[in-house]
Novice: 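Take this structure, written in structure tokens, and hold onto it; I'll ask about it next.
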Protein chains: 2
Amino acid sequence: MNGRKNGNKRITLKMIAKIVGVSTMTVSRALNDNKHVDEGTRRKVRETARELGYFPNYIAKSLVQQRTQTIGVVVPEIAHSFFAQAVKGVEEEAWERGYQIMLTHSAEDTRRETHGARALASKMVDGLIVSTAESGSDVEFFKSLIKGGLRLVFFDRCIYDIGASCVSIDDVDSARRATEHLIDGGYRRVAHLRGSLALSIGRNRLRGYRDALAERGVPADDDLVVETAIHEHGGYEAMKKLLALPEEKRPDAILAVNDTSAFGAMMAIAEAGLRVPNDVGVVGFYNDVRADLMPTPLTAITQPAREIGKIAARKMLAHIEDDSLPPENVLVPTELIVRASSTRDAGSSPAASI
Amino acid sequence: MNGRKNGNKRITLKMIAKIVGVSTMTVSRALNDNKHVDEGTRRKVRETARELGYFPNYIAKSLVQQRTQTIGVVVPEIAHSFFAQAVKGVEEEAWERGYQIMLTHSAEDTRRETHGARALASKMVDGLIVSTAESGSDVEFFKSLIKGGLRLVFFDRCIYDIGASCVSIDDVDSARRATEHLIDGGYRRVAHLRGSLALSIGRNRLRGYRDALAERGVPADDDLVVETAIHEHGGYEAMKKLLALPEEKRPDAILAVNDTSAFGAMMAIAEAGLRVPNDVGVVGFYNDVRADLMPTPLTAITQPAREIGKIAARKMLAHIEDDSLPPENVLVPTELIVRASSTRDAGSSPAASI
DNA sequence: TTGTAGGCGTTATCAA
DNA sequence: TTGATAACGCCTACAA
């Protein structure tokens with residue numbers, strides 16, 4: 001249970017000092033490229049350090065310097081492509097600046113998110129990059145972290161106005177554009193599989209959807225807004241609810257909060273004997289690899305995950321370098337990738353056939 | 001550049017001690033559920049700790065206890081589904097035991113792998129879980145880490161016989177079964193898109209492929225073994241080389257070292273005007289989500305990534321708990337998922353039509 | 001039950 | 001150029 005295997009004591013500055021016959025400070029200076037060291041001494045120190053296989057103890061260094069060169073990262077699901085890409089972006093940017101990342105996933109669970117963040121804070125990360133859990137976040141806890149001096153940057157799923165930066169797409173505008181695309185394509189009863197209102201993406205995409213309806217003069221129908229979990233089964237279940245509506249109330253298009261739920265919805269649509277896009281148009285968010293491979297390729301708003309991760313990391317490093325830097329909400333541009341799932345064959349839609 | 005924001009000093013045991021009017025040791029004991037503390041004292045300490053928003057400094061704790069409750073992880077590509085899943089498995093298992101993970105990716109590069117591992121070792125991780133880079137590994141470096149007392153567990157891509165544990169599928173046997181499946185399906189000129197020989201998976205899968213040929217009495221042809229990078233473009237390029245062979249030498253089946261290169265190969269096959277599976281059968285490794293979604297679904301050997309990650313983490317925790325535990329090579333069972341890419345229509349193959 | 005002393009491995013600071 | 005000393009925040013060991 002102790003740190004090292006029996007016998008193999010880790011080499012320390014003190015050991016090298018004893019061998020070379022100088023003080024630990026001289027060794028420290030020699031190894032850290034400090035100018036005020038005799039070249040001969042430096043050579044000797046370097047050599048024995050290499051021979052002994054010395055490498056510095058960053059824990060000790062961190063304790064005295066009060067920084068760990070480590071960034072904590074909390075994501076809801078490591079294995080989801082979007083977050084995996086984002087984490088990669090963070091890691092790349094951190095690596096280039098000599099930082100490591102400490103990764104925790106919350107499994108979309110509030111308690112795990114809080115515990116994970118607390119654990120990383122206890123390990124004295126220089127900052128915390130977080131994307132919040134579907135089941136909601138303990139806002140007061142994050143506030144207290146900030147009050148305690150911890151730097152905090154959210155990405156994709158943010159908590160606003162508590163003094164943290166946020167890096168995300170413009171969810172409202174993106175959802176509006178996607179909805180307008182459906183309406184302009186002749187769809188009249190556009191439904192929204194919305195995300196949890198505990199998530200910024202859930203609230204903002206819902207708002208964009210509603211804005212689009214209002215702007216296009218399409219009457220809003222609350223029956224057409226159904227909550228979905230962000231996974232495939234969630235989309236499937238939510239879609240079944242919509243399909244259970246009386247015929248005249250059923251949607252002819254779906255704006256899904258993300259690709260995964262859109263895939264689930266497409267399954268439910270197929271099971272009901274309906275077809276995409278002629279009976280039901282579908283649009284998702286993210287642009288998953290599968291979007292292009294589905295029997296009917298999926299139209300989607302892109303979320304440049306890796307880029308978002310990179311920007312979040314850069315933002316964090318900027319905050320670390322300058323603690324007086326004010327928090328900022330960074331919006332990353334998106335594109336609407338139009339594929340077959342939202343473009344009816346000419347003349348084949350009920351609406352178009354009027 | 002200093003650790004905390006201006007003014008907001010982190011709360012320490014000493015501060016709590018001063019406020020409550022006891023020694024730091026009493027505070028430490030009270031907060032760590034030590035029995036020998038008066039209940040009244042404990043209550044007071046707990047209360048002020050909570051009020052002040054205290055949480056322990058694990059850096060200091062780690063320094064004195066000589067363990068960090070942190071496991072380092074080095075993977076070649078965070079964003080590849082296999083590794084993302086594996087990392088998730090590691091994180092889950094670590095989390096349950098109160099460990100965090102520190103994640104680095106090598107980008108398939110030897111130098112980054114070495115630097116990353118060294119950085120994590122410097123941060124005093126209690127152990128290192130590694131999957132090696134395509135460009136090869138600095139074996140001597142890993143040996144020196146082990147000699148220095150660092151616990152090391154490889155997964156998927158291992159370095160054998162240096163005193164580290166390894167968790168992977170049985171690559172030799174899996175490749176043999178996949179190759180036999182192709183031969184038994186009537187394919188006669190089975191080629192292998194092999195991985196780098198710097199990787200255990202590259203060497204082992206090649207061996208399994210050769211074993212199968214030998215066992216089935218199929219003559220081996222070195223022209224049919226071509227190296228591929230593990231990404232899509234690699235598979236595409238490698239396949240083009242095979243298709244450039246004189247007609248009578250061309251393969252009628254491909255064992256690809258992984259799914260991604262198999263997808264690339266399938267693109268090249270389609271571009272050449274050939275068809276999967278009737279002209280060319282294809283088998284991959286991993287069972288990516290895309291396998292089922294391709295125009296011709298891909299037959300593949302499964303690699304239970306998350307499970308592999310979990311087992312690797314458990315192995316690491318076992319090594320941490322008991323330093324005398326000998327290293328072990330753990331083999332995780334696989335399945336061959338047969339899909340359309342390796343099953344010719346009856347009577348349509350040149351071989352079957354004889 | 002509580003406190004004191006010392007040290008984990010490193011660096012900042014000041015003195016030589 | 002080098003070294004002695006103290007400190008980072010906590011815990012182990014021992015003493016009271």
Novice: Nearest whole Å is fine: how far is C:dA16 C1' from A:M25 CE?
Specialist: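 So the two atoms are 15 Å apart, to the nearest Å.
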
Novice: Give the rounded distance in Å between these two atoms: CG of A:D38 and P of D:dT2.
Specialist: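 Rounding to the nearest Å, CG of A:D38 and P of D:dT2 are 5 Å apart.
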
Novice: Does the side chain of A:S28 get closer than 4.0 angstrom to OP1 or OP2 of C:dT11 through an N or O atom?
Specialist: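 For C:dT11, OP1 or OP2 has a side-chain N or O of A:S28 closer than 4.0 Å.
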
Novice: Rounded to whole Å, how long is the line connecting atom NZ of A:K14 with atom C1' of C:dT10?
Specialist: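 Checked: the NZ to C1' distance equals 11 Å.
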
Novice: Testing B:V153, B:L103, B:I129 for side chain to side chain contact (heavy atoms under 4.5 Å, CB included) with B:V90, which one passes?
Specialist: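 The option that passes is B:I129.
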
Novice: Identify, between A:F55 and B:V22, the residue whose nearest nucleotide on DNA chain C lies closer to the 5' end.
Specialist: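 Looking at the nearest nucleotide for each, B:V22 comes out on the 5' side.
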
Novice: Touch check for A:V37, heavy atoms < 4.0 angstrom, all strands: base, sugar-phosphate only, or nothing?
Specialist: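 Sugar-phosphate contact only.
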
Novice: If each of A:R29 and B:T24 is mapped to the nucleotide of DNA chain D with the nearest heavy atom, which maps nearer the 5' terminus, i.e. the 5' end?
Specialist: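 This one resolves to A:R29.
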
Novice: For B:L63 and D:dC10, give me the distance from atom CG to atom C1', rounded to whole Å.
Specialist: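 For the pair B:L63 CG and D:dC10 C1', the rounded distance is 9 Å.
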
Novice: Any side-chain N or O of A:N32 less than 4.0 Å from the OP1 or OP2 oxygen of C:dT11?
Specialist: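 Yes.
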
Novice: Let me know the distance between CZ of A:R10 and P of C:dG7, rounded to the nearest Å.
Specialist: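 For the pair A:R10 CZ and C:dG7 P, the rounded distance is 21 Å.
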
Novice: So do A:M15 and A:Y54 actually touch side chain to side chain, heavy atoms under 4.5 Å?
Specialist: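 They are not in side-chain contact.
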
Novice: Given atom NZ of B:K18 and atom P of C:dT2, what is their separation to the nearest angstrom?
Specialist: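 Rounded to the whole Å, the gap is 20 Å.
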
Novice: In whole angstrom, what separates B:I11's CD1 from D:dG9's P?
Specialist: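 Checked: the CD1 to P distance equals 11 Å.
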
Novice: Could you tell me whether the phosphate oxygens of C:dT2, OP1 or OP2, come under 4.0 Å of any side-chain nitrogen or oxygen in B:T41?
Specialist: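 So the side chain of B:T41 is within the cut-off, an N or O lying under 4.0 Å from OP1 or OP2 of C:dT2.
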
Novice: It should be established whether B:Y54 places a side-chain nitrogen or oxygen under 4.0 Å from OP1 or OP2 of nucleotide D:dC10.
Specialist: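 Answer yes for this pair, as a side-chain N or O of B:Y54 is under 4.0 Å from OP1 or OP2.
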
Novice: With a cut-off of less than 4.0 Å, is there a side-chain N or O of A:Q66 near OP1 or OP2 of D:dA7?
Specialist: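 Checking A:Q66 against D:dA7: no side-chain N or O falls below 4.0 Å of OP1 or OP2.
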
Novice: So which nucleotide from C:dC8, C:dT10, D:dG3 ends up closest to the side chain of A:S23?
Specialist: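 Out of C:dC8, C:dT10, D:dG3, the nucleotide with an atom closest to A:S23's side chain is D:dG3.
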
Novice: Using a 3.5 Å distance criterion without hydrogens, assess whether the side chain of A:T24 forms a donor-acceptor pair with backbone atoms of A:K14.
Specialist: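 Not confirmed, A:T24 side chain does not pair with A:K14 backbone.
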
Novice: Side chain of A:Q65 only, heavy atoms from C-beta on: which candidate in D:dC10, C:dT10, C:dT11 is closest?
Specialist: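 Closest of the options to the side chain of A:Q65: C:dT11.
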
Novice: Taking atom types as modelled and ignoring hydrogens, do the side chains of A:S137 and A:E113 form a donor-acceptor contact shorter than 3.5 angstrom?
Specialist: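 Yes.
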
Novice: Does a donor on one side chain and an acceptor on the other come within less than 3.5 Å for A:T70 and A:K123?
Specialist: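 No.
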
Novice: Are OP1 or OP2 of C:dT2 and a side-chain N or O of B:T26 less than 4.0 angstrom apart?
Specialist: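 For C:dT2, neither OP1 nor OP2 has a side-chain N or O of B:T26 closer than 4.0 Å.
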
Novice: What is the distance, rounded to the nearest whole Å, between atom NE2 of A:H36 and atom P of C:dT13?
Specialist: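 In whole Å, C:dT13 P and A:H36 NE2 are 13 Å from each other.
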
